[in-house]
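Since this is a predicted model, take the numbers as computed values, not measurements.
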Amino acid sequence: MSNNQPRLSIGLPVYNGDKFLKEAIDSLLAQTFEDFELIISDNASTDKTEEICRAYAEQDKRIRYYRNEKNIGCACNFNRTFELSSGEYFKWAAYDDLHAPDFLMKCVEVLDKDPTVILCHSHAYFIDKHGKFIQNYEIKLKTDLLQPHKRFHELLSRHVNYQCYGVIRASALRMVPPMGSYAQADATLLLRLGLLGRFYEIPEYLFFARYHLQQSMSMFCPNYLLVINDDPKELLRMNSDLYAYSVWFDSANEGKILLPHWTILWEYSRSIWLFQLSLYERLRCHLSLYTQLKGTEYLLLKDLFKVIQILWERWQIPSNKEQQITL
């Protein structure tokens, strides 16, 4: 590439990741495809993350390290790594996951050969905190279908959004809104990319997702690993704390009245009207929203009851203070 511009940019957002960060970076630096830049955005970590990153940046010129003065939340930090990128292709990488040495090479080869594919990822399996195999990730989606509404339908099913860690055409990523500041914003991002083009899943286990108690899914969707391979739809019925998850995505949400399930439904619906689709395709997408989310209406009611509870608690606080003053 001219002007030393890398073909691929890798964005690694991190907050207090010193436990697994070295392994994750080593996994990327060991890739057989070497024409990339690694952009690390440190979200004001308080552990040894900064020390680790600066040491790696001194050793490898492909690494660019940035540190936020304050924690700006997950979504903003993810978006920042893409904003700082310059490659034709882009990939997000987590501070705790690992990749086979030929992951990047095989993904780039697919994108180079087929312009209709905008995102390439691979089969995945779970590893524990020691890097040992736990089980395969068995949810396979038909996101290589030609029709946008069929890809939309597939991506509405319950999954863990690991496609976000595939290699993506940067031109396609610029056509969708940045990752939103609400729970499951990564799922919405994938939905929108799916409306733009096809995904391709390499039929090899090249991505290793680490399962540990400090990760977001473990904190806000407890026991997700127990149901993920048995019945993906059970993920909807889990006791997920989408309020805390929304704050994790954007720290500015803390203390606000939120309607996380209503927000997700709105963003899913809005996605259908962001791109050029035929009327038939739009109608099919709306039909998929109904069929795929049917049976979860109680989650919308749950949001409303939560708002009533918060407002009631806020109303009681000044009332109690008045009573104390009177006494």
Side-chain angles (χ1 to χ4, degrees), residues 1-43 45 47-68 74 77-112 119-133 162-170 173 202 204-212 214-215:
M1 298 287 289
S2 61
N3 300 322
N4 296 319
Q5 181 179 346
R7 292 208 66 204
L8 170 67
S9 297
I10 303 174
L12 198 163
V14 59
Y15 172 71
N16 284 356
D18 62 358
K19 190 172 183 179
F20 304 114
L21 185 58
K22 288 183 179 180
E23 286 184 75
I25 295 177
D26 287 340
S27 173
L28 295 171
L29 297 182
Q31 292 293 303
T32 55
F33 181 88
E34 299 180 343
D35 190 7
F36 66 83
E37 61 178 348
L38 175 58
I39 303 164
I40 304 175
S41 182
D42 180 356
N43 215 359
S45 295
D47 61 1
K48 295 182 179 179
T49 292
E50 180 178 9
E51 177 184 334
I52 293 170
C53 292
R54 292 193 182 281
Y56 272 96
E58 289 180 3
Q59 297 170 14
D60 197 311
K61 295 181 180 179
R62 295 175 296 177
I63 300 176
R64 293 158 53 196
Y65 172 71
Y66 301 87
R67 179 177 171 84
N68 301 326
C74 165
N77 205 32
F78 265 70
N79 292 333
R80 186 169 190 242
T81 60
F82 179 59
E83 292 166 1
L84 293 167
S85 69
S86 60
E88 174 187 0
Y89 300 134
F90 181 82
K91 169 187 163 47
W92 276 298
Y95 76 93
D96 48 0
D97 295 333
L98 301 178
H99 302 78
D102 52 354
F103 177 93
L104 294 182
M105 180 189 69
K106 292 189 174 183
C107 287
V108 170
E109 285 179 350
V110 170
L111 292 171
D112 283 346
L119 186 156
C120 183
H121 59 108
S122 76
H123 287 352
Y125 66 67
F126 295 101
I127 58 175
D128 64 14
K129 62 182 179 180
H130 303 295
K132 295 184 177 181
F133 173 85
Y162 285 146
Q163 300 94 328
C164 276
Y165 294 108
V167 177
I168 313 169
R169 292 189 191 277
L173 203 48
I202 298 170
E204 299 177 55
Y205 290 91
L206 305 176
F207 177 68
F208 317 124
R210 195 185 299 269
Y211 173 78
H212 58 96
Q214 289 74 43
Q215 65 182 163

Is there a side chain to side chain contact (heavy atoms under 4.5 Å, CB included) between R62 and I10 once you walk through the steps? CA-CA 10 Å; R62 295 175 296 177; I10 303 174; over 6 Å; no
Spacing of L12 atom CG and F78 atom CZ [to the nearest 0.5 Å]: 8.5 Å
Parallel, tilted or perpendicular: rings of H99 and F103 (30°, 60°): perpendicular
Ignoring hydrogens and angles, tell me if any N or O in the side chain of D18 forms a donor-acceptor pair with the backbone of D47 under 3.5 Å. no
Shortest non-hydrogen contact between E37 and L84, atoms and distance: OE2-O, 4.4 Å
Interatomic distance, CG@D35 vs CD@Q5, rounded to 0.5 Å, equals 9.5 Å
If I compare all heavy atoms of L21 with all of C53, which pair ends up nearest, and what's the gap? CD2-SG, 3.6 Å
Rounded distance (nearest 0.5 Å) linking atom CD of E58 with atom OH of Y65: 12.0 Å
Counting only N and O atoms by type, is there a donor-acceptor contact under 3.5 Å from the side chain of S9 to the main-chain atoms of S86? yes
Less than 4.0 angstrom from a charged side-chain N to a carboxylate O is my criterion; do D102 and K106 meet it? yes
If you define the side chain from C-beta out and look only at heavy atoms, does anything of R210 sit under 4.5 Å from E23? yes
Indicate whether any N or O donor in one side chain lies under 3.5 Å from an N or O acceptor in the other, for N68 and Y15. no
Could you give me the CA-CA distance, side-chain angles and deciding distance for D26 and Y56, then say whether side chain to side chain contact (heavy atoms under 4.5 Å, CB included) is met? CA-CA 9 Å; D26 287 340; Y56 272 96; 2.8 Å; yes
Within a strict 4.5 Å, meaning less than it, do heavy atoms of the D60 and L38 side chains meet? no
Return the CG to CD distance between L119 and Q163, rounded to the nearest 0.5 Å. 7.5 Å
Heavy-atom closest pair, residues S122 and E204: CB-O, 3.5 Å
Qualifying residue, where the test is side chain to side chain contact (heavy atoms under 4.5 Å, CB included) with I168 and the options are W92, F82, Y89: W92
Between V14 and the options I40, I25, I52, the side chain to side chain contact (heavy atoms under 4.5 Å, CB included) test singles out I40
Using every non-hydrogen atom in the two residues, find where L104 and V167 come nearest and quote the distance to one decimal. CD2-CG2, 4.1 Å
Any idea how Y95 and F20 line up, ring-wise: parallel (<30°), tilted (30 to 60°), or perpendicular (>60°)? tilted
K91 side, atom NZ; C164 side, atom SG - distance, nearest 0.5 Å: 10.0 Å
Mind listing the closest non-hydrogen atom pair of G87 and A170 along with its distance? O-CB, 3.5 Å
Which distance, rounded to the nearest 0.5 Å, do you find between the CG of D97 and the CZ of F208? 10.5 Å
Please report the closest heavy-atom contact between P13 and A93, naming both atoms and the distance. CD-O, 3.5 Å
